[in-house]
Undergrad: 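Sharing a structure here in structure tokens format.
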Amino acid sequence: MKIKRLPKEDKSNGWSAVLKTRTPNEALEGDRYADWIVLGGGYAGLAAARRLAENCPDDKIVLVDAGQAGENASGRNSGFAIDLPHNVGSSLDELEGSHRFMRLARFAIDHLEGLVKEHDIECDWSKDGEYHAAVSERGVKDVLEPLAKELDALGEPFEWYRKPKLVEKLGTEHFTAAIYTPGGALMNPAGLTRGLADNLPSNVSVHEDSPVTEAIFENGVHLKTEKGSVRAPKMILAANGFSEQFGFYPRKFFHLSAQASLSRQLTEEEQEIYGVEDPWGLTPANAFAGITMRYTNDRRILIRQGLDYCPSQRVSESERLEAQRRHKKLFDERFPMLPEVEMEHTWTGIVCLSQNSSPGFGKIAPNVWSAVCQNAVGVTKGTFGGILAADMATGRENPLIEDMLSLGEPNTLPPRPFLDLGIRARFMWELWSNRHEA
């Protein structure tokens, strides 16, 4: 089948811009043969390729990615490796579901941390945890207090912060309260993705800048690119939101665009005025109305705000510039003591979601397995999804596969234009009903 829609990179990713220049792996040229193909070079594809290489050390694995490591969606998120669900129920079944997710997420975090240390990956990896914050007292009551009860039921450590202690931690008076959990990690996601791609085992060949233009699933797998092709008996699909282009998961996923900006570095004088030394990461009580923020190790402040329905998986330059202006205004409202600090980089990440928040995981054809649709928790979900897909494909026993399968399968979505109308109506309702968290 011909691939009709390909990823498009605009080179705007701020996380990549602050890193050293990197030479990508060569594009796929000529006709190649392998034992395995991994399609997609994000967290899932990189994890799957590494695990295949470990499970089958004599096999040849070829990983093909349309773009460059760190420039795709995996390198454009906010840089959180999250170990806890933010919204869990209080029934025994729901709590057990949370325990299963935590086992998977912590497995992924430990795996990534081990690789960062082993290969000395420069990505500012730090176990600094996460603040989950509310702007209003209503947000505290509706979101944070139930979360605290559920964390108690799960036996998880956490700390409450209110003003003025919260102001000391974050350097802004915008938030009324926050719950801090210590288990998550923060990083430069582009740096992490680059490092994972550049330190794969020797039996993995990586080809970047190689968008697939045609896929044939007869007598194995045959993928064609502009300048080459690769054939293999088996494949792991890790193309996330582009999976439907290859004939899998039709009407299962929808796509959102998420806008983010990274400030220039604070000067020493500005950092002294700001008054916060330690890096931190904050997620909002409501993802639609609120703002995700980071204070990084190199004294930059990240603002991520703006979720839009984006079925085309494309965002224009004018939309990016408008987001940059909006983020500067939001920055000034939260950090009025830093009026001269500009947003140095603004970019868009495309998020792939399912209606019921289930991943696309498992065996999807006689010779194809998948690890796609991470539902906006790509660092951890992509990593454990890729590892477990490789274990399933190679017959390696792993009790976490059952935990993964327990997350369910994506629901079928309504046809367009009914889907478009429904999602846009839901967005309007979420923004209006949660405007107190803006």
Undergrad: Would you say Glu244 and Lys252 make side-chain contact, with heavy atoms under 4.5 Å?
TA: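 The answer is no; the side chains never approach within 4.5 Å.
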Undergrad: Are any of the side-chain nitrogens in Glu270 or Arg264 under 4.0 Å away from the carboxylate oxygens of its partner?
TA: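 Result for this pair is yes, salt bridge flagged.
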Undergrad: Strictly below 4.0 Å, N to O, side chains only: are Lys165 and Glu159 in salt-bridge contact?
TA: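 No, Lys165 and Glu159 are not salt-bridged.
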Undergrad: Are the side chain of Ser243 and the backbone N or O of Gly241 linked by a donor-acceptor pair below 3.5 Å?
TA: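 No, the answer is negative, given that no donor and acceptor are paired below the 3.5 Å cut-off.
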Undergrad: As a quick check of understanding, evaluate side chain to side chain contact (heavy atoms under 4.5 Å, CB included) for Val38 and Ile61, giving each step before the final call.
TA: CA-CA 7 Å; Val38 176; Ile61 299 112; 4.0 Å; yes
Undergrad: Show, in sequence, the C-alpha distance, side-chain angles and deciding distance for Leu262 and Trp347, and conclude whether the side chain to side chain contact (heavy atoms under 4.5 Å, CB included) test is met.
TA: CA-CA 9 Å; Leu262 194 63; Trp347 66 95; 3.8 Å; yes
Undergrad: Between Asn72 and Ser74, is there a donor-acceptor pair closer than 3.5 Å when you use the side chain of the first and the backbone of the second?
TA: yes
Undergrad: Using a 6.0 Å cut-off, check whether atom CD of Glu333 has over 12 heavy atoms from anything other than its own residue.
TA: yes
Undergrad: Answer yes or no: is there a donor N or O on one side and an acceptor on the other, between the side chain of Ser16 and the main chain of Gly70, under 3.5 Å?
TA: yes
Undergrad: Salt-bridged, Asp10 to Arg76, with N to O below 4.0 Å?
TA: yes
Undergrad: State the CE-CG distance between Met102 and Leu84, to the nearest 0.5 angstrom.
TA: 6.0 Å
Undergrad: Nearest 0.5 Å, please: how far is CD1 in Ile109 from CG in Leu104?
TA: 11.0 Å
Undergrad: Could you measure the distance from the CD atom of Glu437 to the CG atom of Leu431? Nearest 0.5 Å is fine.
TA: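 Here the interatomic distance stands at 12.5 Å.
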Undergrad: Could you go step by step and tell me if Met392 and Met404 meet the side chain to side chain contact (heavy atoms under 4.5 Å, CB included) rule?
TA: CA-CA 11 Å; Met392 178 182 283; Met404 187 72 186; over 6 Å; no
Undergrad: Which value, rounded to the nearest 0.5 Å, describes the distance between His345 atom NE2 and Arg320 atom CZ?
TA: 10.5 Å
Undergrad: Using the side-chain contact (heavy atoms from CB on, under 4.5 Å) rule, pick out the option among Ile236, Leu237, Asn240 that qualifies with Ser370.
TA: Leu237
Undergrad: State yes or no: are the ring centers of Tyr131 and Tyr161 separated by less than 6.0 Å?
TA: yes
Undergrad: Would you give the length of the straight line joining atom CZ of Phe175 to atom CG of Leu282, rounded to the nearest 0.5 angstrom?
TA: 4.5 Å
Undergrad: Is the count of non-hydrogen atoms from other residues, nucleotides or ligands lying under 6.0 Å from Lys117 atom NZ greater than 12?
TA: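 It does not: Lys117 NZ has 12 such atoms or fewer within range.
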Undergrad: Over all heavy atoms of both residues, which pair between Phe248 and Ala365 is shortest? Give the atoms and the distance, please.
TA: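 Looking at all heavy atoms of both residues, the closest pair is CE2-CB, 4.1 Å.
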Undergrad: Could you point out which residue of Leu46, Thr394, Leu388, Asn398 forms a side-chain contact (heavy atoms from CB on, under 4.5 Å) with Arg51?
TA: Asn398
Undergrad: Hey, does the side chain of Asn13 reach the backbone of Glu71 with a donor-acceptor pair shorter than 3.5 angstrom?
TA: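 Here the side-chain-to-backbone pair does not exist.
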Undergrad: Would you check if Arg50 and His111 make a side-chain contact, meaning some heavy-atom pair closer than 4.5 Å?
TA: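 They are in contact (side-chain heavy atoms under 4.5 Å apart), so the answer is yes.
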Undergrad: What I'd like to find out is whether the side chain of Leu115 reaches to under 4.5 Å of the side chain of Leu192, using heavy atoms alone.
TA: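 A side-chain contact under 4.5 Å is absent here.
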Undergrad: Mind checking whether Pro311 and Arg416 have side chains closer than 4.5 Å, heavy atoms only?
TA: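 Sidechains of Arg416 and Pro311: in contact.
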Undergrad: Does Glu317, at its CD atom, have more than 12 non-hydrogen atoms belonging to other residues, nucleotides or ligands within less than 6.0 Å?
TA: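 Atom CD in Glu317 is crowded, with more than 12 foreign heavy atoms closer than 6.0 Å.
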Undergrad: Would you say Met187 and Leu112 make side-chain contact, with heavy atoms under 4.5 Å?
TA: no
Undergrad: Can you tell me if CD on Glu322 sees more than 12 non-hydrogen neighbours from other groups inside 6.0 Å?
TA: yes
Undergrad: Flag the pair Leu196 / Tyr43 as yes when at least one side-chain heavy-atom distance between them is below 4.5 Å, and no otherwise.
TA: yes
Undergrad: Is the closest basic N to carboxylate O distance between Asp110 and Arg106 below 4.0 Å?
TA: no
Undergrad: Under the 3.5 angstrom rule, does the side chain of Lys11 hit a backbone N or O of Ala17 as a donor-acceptor pair?
TA: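 No, the answer is negative, given that no donor and acceptor are paired below the 3.5 Å cut-off.
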Undergrad: Please check this pair: side chain of Arg294 against backbone of Gly79, looking for a donor-acceptor N/O pair closer than 3.5 Å.
TA: yes
Undergrad: List the atom of Leu144, the atom of Ala177, and the distance in Å for their closest heavy-atom pair.
TA: CD1-O, 3.6 Å
Undergrad: Is there a donor-acceptor pair closer than 3.5 Å between any side-chain N or O of Gln305 and the backbone N or O of His327?
TA: no
Undergrad: Does Asn188 reach the main-chain N or O of Trp15 with its side chain, forming a donor-acceptor pair under 3.5 Å?
TA: yes
Undergrad: What do the steps show when you test Cys352 against Val372 for side chain to side chain contact (heavy atoms under 4.5 Å, CB included), and what is the final call?
TA: CA-CA 9 Å; Cys352 175; Val372 298; over 6 Å; no
Undergrad: So Phe101 and Phe384, would you call those rings parallel, tilted or perpendicular, with 30° and 60° as cut-offs?
TA: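 Correct class here is perpendicular.
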Undergrad: Nearest 0.5 Å please: distance from the CG atom of Leu256 over to the OG1 atom of Thr348.
TA: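 Rounded to the nearest 0.5 Å, the CG-OG1 separation comes out at 12.0 Å.
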Undergrad: What closest approach, in Å, do Ala69 and Thr193 show between heavy atoms, and which atom pair accounts for it?
TA: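 For Ala69 and Thr193, the tightest heavy-atom pair comes out as CB-O, 4.2 Å.
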Undergrad: Would you mind reporting whether Leu52 and Lys234 have side-chain heavy atoms less than 4.5 Å apart?
TA: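 Counting from C-beta outward, Lys234 and Leu52 never come under 4.5 Å.
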Undergrad: Quick check: are there more than 12 heavy atoms from other residues, nucleotides or ligands sitting under 6.0 Å from NZ of Lys163?
TA: yes
Undergrad: Work out which heavy atom in Ala390 is nearest to a heavy atom in Asn55; give both atom names and the distance.
TA: O-ND2, 3.9 Å
Undergrad: Taking atom CZ as the centre, does Arg426 end up with more than 12 heavy-atom neighbours from other residues, nucleotides or ligands that are less than 6.0 angstrom away?
TA: no
Undergrad: Counting only heavy atoms not in Met428 (residues, nucleotides, ligands), do more than 12 fall under 6.0 Å from its CE?
TA: no
Undergrad: For a quick test of your reading: what N or O donor-acceptor pairs under 3.5 Å do the side chains of residues 274-281 make, sequence neighbours left out?
TA:
unit_1, atom_1, unit_2, atom_2, d
Tyr274, OH, Leu170, O, 2.7
Tyr274, OH, Trp280, NE1, 3.1

Undergrad: For Ser354, is there any backbone N or O sitting under 3.5 Å from a side-chain donor or acceptor partner on Asn375?
TA: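 Yes, because the side chain of Asn375 sits within donor-acceptor range (under 3.5 Å) of the backbone of Ser354.
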Undergrad: Quick check against the 3.5 Å criterion: does Gln245 have a side-chain atom that pairs as donor or acceptor with the backbone of Arg5?
TA: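 Indeed, once roles are kept as given, a pair shorter than 3.5 Å links the two residues.
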Undergrad: Going by heavy atoms in the side chains, are Ile301 and Arg334 under 4.5 Å from each other?
TA: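 SC-SC contact between Ile301 and Arg334 ruled out.
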Undergrad: Taking all atoms of both residues into account, what is the closest heavy-atom pair of Gly41 and Leu63, and its distance?
TA: CA-CD2, 3.9 Å
Undergrad: Is there a donor in the side chain of Thr176 and an acceptor in the side chain of Glu137, or the other way round, less than 3.5 Å apart?
TA: no
Undergrad: Please tell me whether Asn203 and Asp59 have a donor and an acceptor in their side chains that are separated by less than 3.5 angstrom.
TA: no
Undergrad: Are more than 12 heavy atoms from other residues, nucleotides or ligands located less than 6.0 Å from atom CH2 of Trp160?
TA: yes
Undergrad: Identify the heavy atoms of Lys381 and Ser357 that sit nearest to each other, and give their distance.
TA: NZ-O, 4.4 Å
Undergrad: May I have all residue pairs that pass salt bridge (charged side-chain N to carboxylate O under 4.0 Å, His left out) and include part of residues 344-363, sequence neighbours excluded?
TA: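 Salt bridge (charged side-chain N to carboxylate O under 4.0 Å, His left out) check on residues 344-363 returns Arg300-Glu344.
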